[in-house]
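Worksheet for the structure shown next.
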Amino acid sequence: MNAAGFSLQNHRHSYLPSIMLIFLDTEFTGLDQRKPDLISIGLVDETGQEFYAELPEVHWTVQCNEWVHFNVLPHLHGSDDYVQNEALISESLVAWIENISDKAIIVTDCIDADFTQLKRLLQKWPNNLDVRPIQFTAWSMGEDKQPTLQTLMNNYYGPGRPRHHALHDAHALRLAALYAVKNGWQPENLD
């Protein structure tokens with residue numbers, strides 16, 4: 001682990017040839033805001049390698065809505081291991097993504113919020129990261145599979161792994177999406 005809370009390793013996987021799916025979640029100051037500020041970001045690749053970082057409290061504290069105060073802020077780590085300024089997080093995240101030898105594609109359950117926050121954060125776009133994200137939700141495989149996917153995500157959470165924590169939400173998304181891929185789901189924008 002380095003100061004931004006991730007380890008650099010050679011990534012390998014077997015789900016989709018020459019493509020690495022990266023599962024993204026962010027926490028931010030509120031959906032009710034025109035331009036919400038990022039609070040934390042969590043990414044997990046197919047192999048389980050993680051990236052997690054939080055912005056300093058002065059970056060977001062004034063703008064948080066009431067829901068965020070009660071549902072997000074209590075789960076932040078707040079330690080120097082994870083709290084970094086935007087420039088350092090951006091630089092570390094680009095390095096983490098570019099360490100993946102394959103083409104990488106972001107998978108998120110909310111493109112408008114999460115992918116927008118990622119684009120704002122990255123000062124340089126990683127060379128291997130597709131500019132088109134994939135949206136995945138518990139409904140992505142249709143009504144018949146929705147309960148299974150929702151249960152997979154719900155079962156991830158527990159003591160020490162709360163909802164509304166960017167890294168844990170990314171892990172829960174990963175579990176459901178990889179189950180879906182193993183069971184025939186094909187993202188639409190894979191070339």
Determine yes or no for a side-chain-to-main-chain donor-acceptor pair under 3.5 angstrom, with [X] supplying the side chain and [Y] the backbone.
X: Asn99; Y: Ala95; answer: no
X: Ser90; Y: Glu86; answer: no
X: Asn128; Y: Asp102; answer: yes
X: Glu27; Y: Ser40; answer: no
X: Trp60; Y: Leu55; answer: yes
X: Arg174; Y: Val44; answer: no
X: Gln63; Y: His59; answer: no

Quick one: closest heavy-atom pair of [X] and [Y], and the distance?
X: Ala176; Y: Met153; result: CB-CG, 3.6 Å
X: Trp96; Y: Glu50; result: NE1-O, 3.4 Å
X: Ala170; Y: Gly42; result: CB-O, 3.7 Å
X: Gly160; Y: Pro162; result: C-CD, 3.5 Å
X: Pro126; Y: Leu122; result: CD-CD1, 3.7 Å

What's the spacing between [X] [atom1] and [Y] [atom2] if we round to 0.5 Å?
X: Leu93; Y: Leu88; atom1: CG; atom2: CG; result: 11.0 Å
X: Asn155; Y: Arg161; atom1: CG; atom2: CZ; result: 9.5 Å
X: Asp109; Y: Leu173; atom1: CG; atom2: CG; result: 5.5 Å
X: Gln49; Y: Glu46; atom1: CD; atom2: CD; result: 12.0 Å
X: Asp45; Y: Ile22; atom1: CG; atom2: CD1; result: 6.5 Å
X: Leu73; Y: His69; atom1: CG; atom2: NE2; result: 6.0 Å

Min side-chain heavy-atom separation [X]-[Y] under 4.5 Å:
X: Ile89; Y: Phe51; result: yes
X: Cys110; Y: Phe115; result: no
X: Asp169; Y: Tyr157; result: yes
X: His171; Y: Phe23; result: no
X: Ile105; Y: Met20; result: no
X: Leu118; Y: Thr26; result: no
X: Cys64; Y: Ile39; result: yes

Using the rule that two of Ile, Leu, Val, Met, Phe, Trp, Tyr join whenever any of their side-chain heavy atoms come within less than 4.5 Å, decide whether [X] and [Y] are in one cluster.
X: Trp185; Y: Tyr179; value: yes
X: Leu178; Y: Leu175; value: no
X: Ile100; Y: Val131; value: yes
X: Tyr156; Y: Val107; value: no
X: Leu24; Y: Trp125; value: yes

(request) Name all residues meeting the salt bridge (Lys or Arg N to Asp or Glu O under 4.0 Å) criterion together with Glu98; count only those two or more places apart in sequence or in a different chain, and write none if there are none. (result) Lys124
Solution key, residues 134-146 side-chain donor-acceptor pairs under 3.5 Å, sequence neighbours excluded:
from   : atom 1 : to     : atom 2 : distance (Å)
Thr137 : OG1    : Trp139 : N      : 3.1
Ser140 : OG     : Thr137 : N      : 2.8
Ser140 : OG     : Thr137 : O      : 3.2

(message) Restricting to side chain to side chain contact (heavy atoms under 4.5 Å, CB included), what partner residues turn up for Asn65, sequence neighbours left out?
(response) Asp32, Gln33, Trp67, Val68
(message) Test of understanding: with side chain to side chain contact (heavy atoms under 4.5 Å, CB included), list the residues that count as partners of Arg120, not counting sequence neighbours.
(response) Lys35, Pro36, Thr116, Gln117
(message) Pair Val181, Asn183 - check side-chain contact (heavy atoms from CB on, under 4.5 Å), show working.
(response) CA-CA 5 Å; Val181 169; Asn183 287 279; over 6 Å; no
(request) Could I get the full list of ring-ring contact (aromatic ring centres under 6.0 Å, His included) partners for His77, not counting sequence neighbours? (result) Tyr52, Tyr82, His165
(request) Check ring-ring contact (aromatic ring centres under 6.0 Å, His included) between His75 and all other residues, then give those that pass, not counting sequence neighbours. (result) none
(request) Answer yes or no: is there an ion pair linking Asp130 with Lys103, defined by an N-O contact shorter than 4.0 Å? (result) yes
(message) Walk me through whether Arg163 and Asn154 qualify under side chain to side chain donor-acceptor pair (under 3.5 Å).
(response) CA-CA 9 Å; Arg163 294 176 192 275; Asn154 289 342; 3.1 Å; yes
(request) Sort out for me which residue in Leu43, Asp114, Ile41 forms a side chain to side chain contact (heavy atoms under 4.5 Å, CB included) with Asp25. (result) Asp114
